[in-house]
Amino acid sequence: MGKVAVITGGAQGIGKGIAERLGNDGFKIVISDMNIDLAQETVKEFKEANIDALAVKGNVSKQDEQFAVVKEAVDKFGSVDVFINNAGIDQVEAVEDITPENLEKIFNVNVFGTVYGTQAAAKQMKKQDNGGKIINACSIAGKTAFELLGAYSATKFAVHGLTQVSAKELAQFNIKVNAYCPGIVGTGMWDRIDEGMVEYKGMKQGEAWQEQVDNIPLQRSQTPEDVASLVSYLASSDADYMTGQAINIDGGIEVH
Ligand SMILES: NC(=O)c1ccc[n+]([C@@H]2O[C@H](COP(=O)([O-])OP(=O)(O)OC[C@H]3O[C@@H](n4cnc5c(N)ncnc54)[C@H](O)[C@@H]3O)[C@@H](O)[C@H]2O)c1
């Protein structure tokens with residue numbers, strides 16, 4: 001049986017790019033997403049391209065749903081070799097304006113979701129002879145905080161910390177835990193961030209996005225495929241001696 005990768009939030013954006021790349025690398029793909037209609041459309045597209053894939057409805061902020069996703073993956077494909085805690089949400093708000101509801105919502109998805117995904121994946125991987133790999137979506141905002149992205153940055157700093165502690169605790173079971181830190185990627189998330197910044201700063205539509213892109217040393221915005229190439233490496237046996245790392249893939253914006 002081939003190796004199996006679960007990607008949360010894999011219906012679109014970076015997660016979809018990662019799922020497609022790992023599918024082409026030979027993994028069987030399980031896409032878990034709250035948006036099941038879109039996840040099913042993505043799986044249909046993948047199947048047409050000869051990628052063996054399954055869509056499962058899952059809200060990452062619900063612990064039982066994360067365990068159910070892993071069970072469905074094992075029932076269908078026999079194992080979970082790679083689990084990608086990719087699903088995440090954004091919020092544009094000055095620290096002084098963050099509401100308790102928004103704070104709870106973003107921590108529920110970005111932080112609690114990563115904890116629950118790690119728990120579900122680790123439980124399964126500990127039963128497997130060859131362990132597994134857990135890969136978390138961090139961000140350049142998990143290394144240096146961004147103005148108006150206070151709550152978001154705080155969640156990504158948390159994911160950075162969780163990556164390190166999970167790596168230390170799970171190494172004894174041959175489970176490696178690493179993270180990818182993208183920069184400015186043209187997805188639905190950045191459309192929403194641009195919208196929020198336009199509102200806060202009185203900018204024109206697209207101006208906040210352009211301001212960020214103009215500051216990228218490699219002088220272009222990033223694609224999901226750019227991120228997927230790093231994740232492909234982290235998921236492969238070439239990365240068997242790597243754990244606990246949060247790696248920037250951002251065109252040179254962040255250098256630590
Ligand atoms: N876009 C960027 O520039 C950028 C940069 C750095 C890090 N990231 C991180 O990469 C990851 C993916 O970002 P993206 O830009 O592709 O986002 P996106 O908004 O384009 O896609 C996110 C996907 O996650 C799903 N999702 C949202 N909440 C969910 C939940 N509770 N349970 C299950 N699925 C859920 C959505 O339905 C969607 O399919 C996120 O963790 C994000 O923080 C993105």
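Counting convention: from 1, in listed order, for ligands and their atoms alike.
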Student: Which of the numbered atoms in ligand 1 are under 4.0 angstrom from any heavy atom belonging to Trp190?
Tutor: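 Within the 4.0 Å cut-off of Trp190, ligand 1 contributes 2 (C), 3 (O).
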Student: What atoms of ligand 1 come closer than 4.0 angstrom to any heavy atom of Arg192?
Tutor: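 Near Arg192, meaning under 4.0 Å from one of its heavy atoms, ligand 1 has 19 (O).
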Student: Please indicate whether any nitrogen or oxygen in Asp33 is less than 3.5 Å from any nitrogen or oxygen in ligand 1.
Tutor: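 Yes; at least one N/O pair falls below 3.5 Å.
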Student: Quick one: do Glu65 and Lys57 make a salt bridge, cutoff under 4.0 Å?
Tutor: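 Salt bridge: no.
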Student: Could you walk me through whether Lys176 and Tyr241 pass the side-chain contact (heavy atoms from CB on, under 4.5 Å) check?
Tutor: CA-CA 8 Å; Lys176 287 100 183 185; Tyr241 197 61; over 6 Å; no
Student: So, Asp238 side chain and Tyr233 main chain: donor-acceptor pair closer than 3.5 Å or not?
Tutor: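 Not a single qualifying donor-acceptor pair exists.
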Student: Can you tell me if NZ on Lys201 sees more than 12 non-hydrogen neighbours from other groups inside 6.0 Å?
Tutor: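 Buried by this count: over 12 neighbours within 6.0 Å.
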Student: Counting from 1, what ligand 1 atoms have a heavy atom of Gly188 closer than 4.0 Å?
Tutor: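 Matching atoms, with element in brackets: 20 (O).
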Student: Nearest non-hydrogen atom to atom 11 (C) of ligand 1 belongs to which of Asn86, Ile7, Ile89, Ile14?
Tutor: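 Shortest heavy-atom distance from atom 11 (C) of ligand 1: Asn86.
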Student: Should Val185 be counted as touching ligand 1, given the test is an N or O pair under 3.5 Å?
Tutor: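 N/O-N/O distance below 3.5 Å exists for this pair.
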Student: More than 12 non-hydrogen atoms from neighbouring residues, nucleotides or ligands closer than 6.0 Å to CD on Gln219, yes or no?
Tutor: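 Counting neighbours around CD of Gln219, 12 or fewer heavy atoms of other residues, nucleotides or ligands fall under 6.0 Å, so no.
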Student: Taking only heavy atoms of Asn59 into account, list the atoms of ligand 1 that are under 4.0 Å away from them.
Tutor: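 Under 4.0 Å from Asn59, ligand 1 has these atoms: 30 (C), 31 (N), 32 (N).
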Student: In plain terms, say whether Asp240 and Lys133 are close enough for a salt bridge, that is, a side-chain N and a carboxylate O under 4.0 Å apart.
Tutor: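 Salt bridge present between Asp240 and Lys133.
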Student: For Gly88, take its heavy atoms, then give the atoms of ligand 1 lying under 4.0 Å from any of them.
Tutor: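 Under 4.0 Å from Gly88, ligand 1 has these atoms: 40 (C), 41 (O).
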Student: In the protein, what heavy atom is nearest to atom 34 (N) of ligand 1, and what distance, to one decimal place, separates them?
Tutor: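 For atom 34 (N) of ligand 1, the nearest protein heavy atom is Met34 N, 3.4 Å.
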Student: Please determine whether a side-chain nitrogen of the Lys or Arg among Lys71 and Asp64 lies less than 4.0 Å from a carboxylate oxygen of the Asp or Glu.
Tutor: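 Looking at Lys71 and Asp64, the cut-off is not met.
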Student: Contact between Thr8 and ligand 1, counting heavy atoms under 4.0 Å?
Tutor: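 No; Thr8 lies far enough from ligand 1 that no heavy-atom distance drops under 4.0 Å.
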Student: If I apply the N/O under 3.5 Å rule, does Ile184 come out as touching ligand 1?
Tutor: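 No, Ile184 has no N/O under 3.5 Å of an N/O on ligand 1.
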Student: Are any of the N/O atoms in Gly13 less than 3.5 Å from those in ligand 1?
Tutor: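 Among all N and O atoms of Gly13, none is under 3.5 Å from an N or O of ligand 1.
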Student: Within the structure, does Gly183 bring an N/O atom to less than 3.5 angstrom of an N/O atom in ligand 1?
Tutor: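 Yes, Gly183 has an N/O under 3.5 Å of an N/O on ligand 1.
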Student: Decide if atom CD of Glu225 counts as having more than 12 heavy atoms of other residues, nucleotides or ligands within a radius under 6.0 Å.
Tutor: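 Yes - once you tally the heavy atoms of other residues, nucleotides and ligands closer than 6.0 Å, there are more than 12.
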Student: Backbone or side chain, does any N or O of Lys156 fall under 3.5 Å from an N or O of ligand 1?
Tutor: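 By distance alone, the answer is yes.
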Student: Atoms of ligand 1 less than 4.0 Å from Tyr152 heavy atoms?
Tutor: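 It comes down to these atoms of ligand 1: 6 (C), 7 (C), 8 (N), 9 (C), 42 (C), 43 (O).
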Student: Might you confirm whether atom CD of Glu104 has over 12 heavy atoms from other residues, nucleotides or ligands at distances under 6.0 Å?
Tutor: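 No, not enclosed.
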Student: Which atoms of ligand 1 have any heavy atom of Ala87 under 4.0 Å away?
Tutor: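 Within the 4.0 Å cut-off of Ala87, ligand 1 contributes 34 (N), 35 (C), 41 (O).
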Student: Please report whether ligand 1 has a polar contact with Gln12, defined as an N or O pair separated by less than 3.5 Å (distance criterion only).
Tutor: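 Yes.
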Student: Looking only at distance, does Thr187 have an N or O less than 3.5 Å from an N or O of ligand 1?
Tutor: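 N/O-N/O distance below 3.5 Å exists for this pair.
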Student: Should you measure from each heavy atom of Cys138, which atoms of ligand 1 turn up under 4.0 Å away?
Tutor: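 Taking each heavy atom of Cys138 in turn, ligand 1 has 7 (C) under 4.0 Å.
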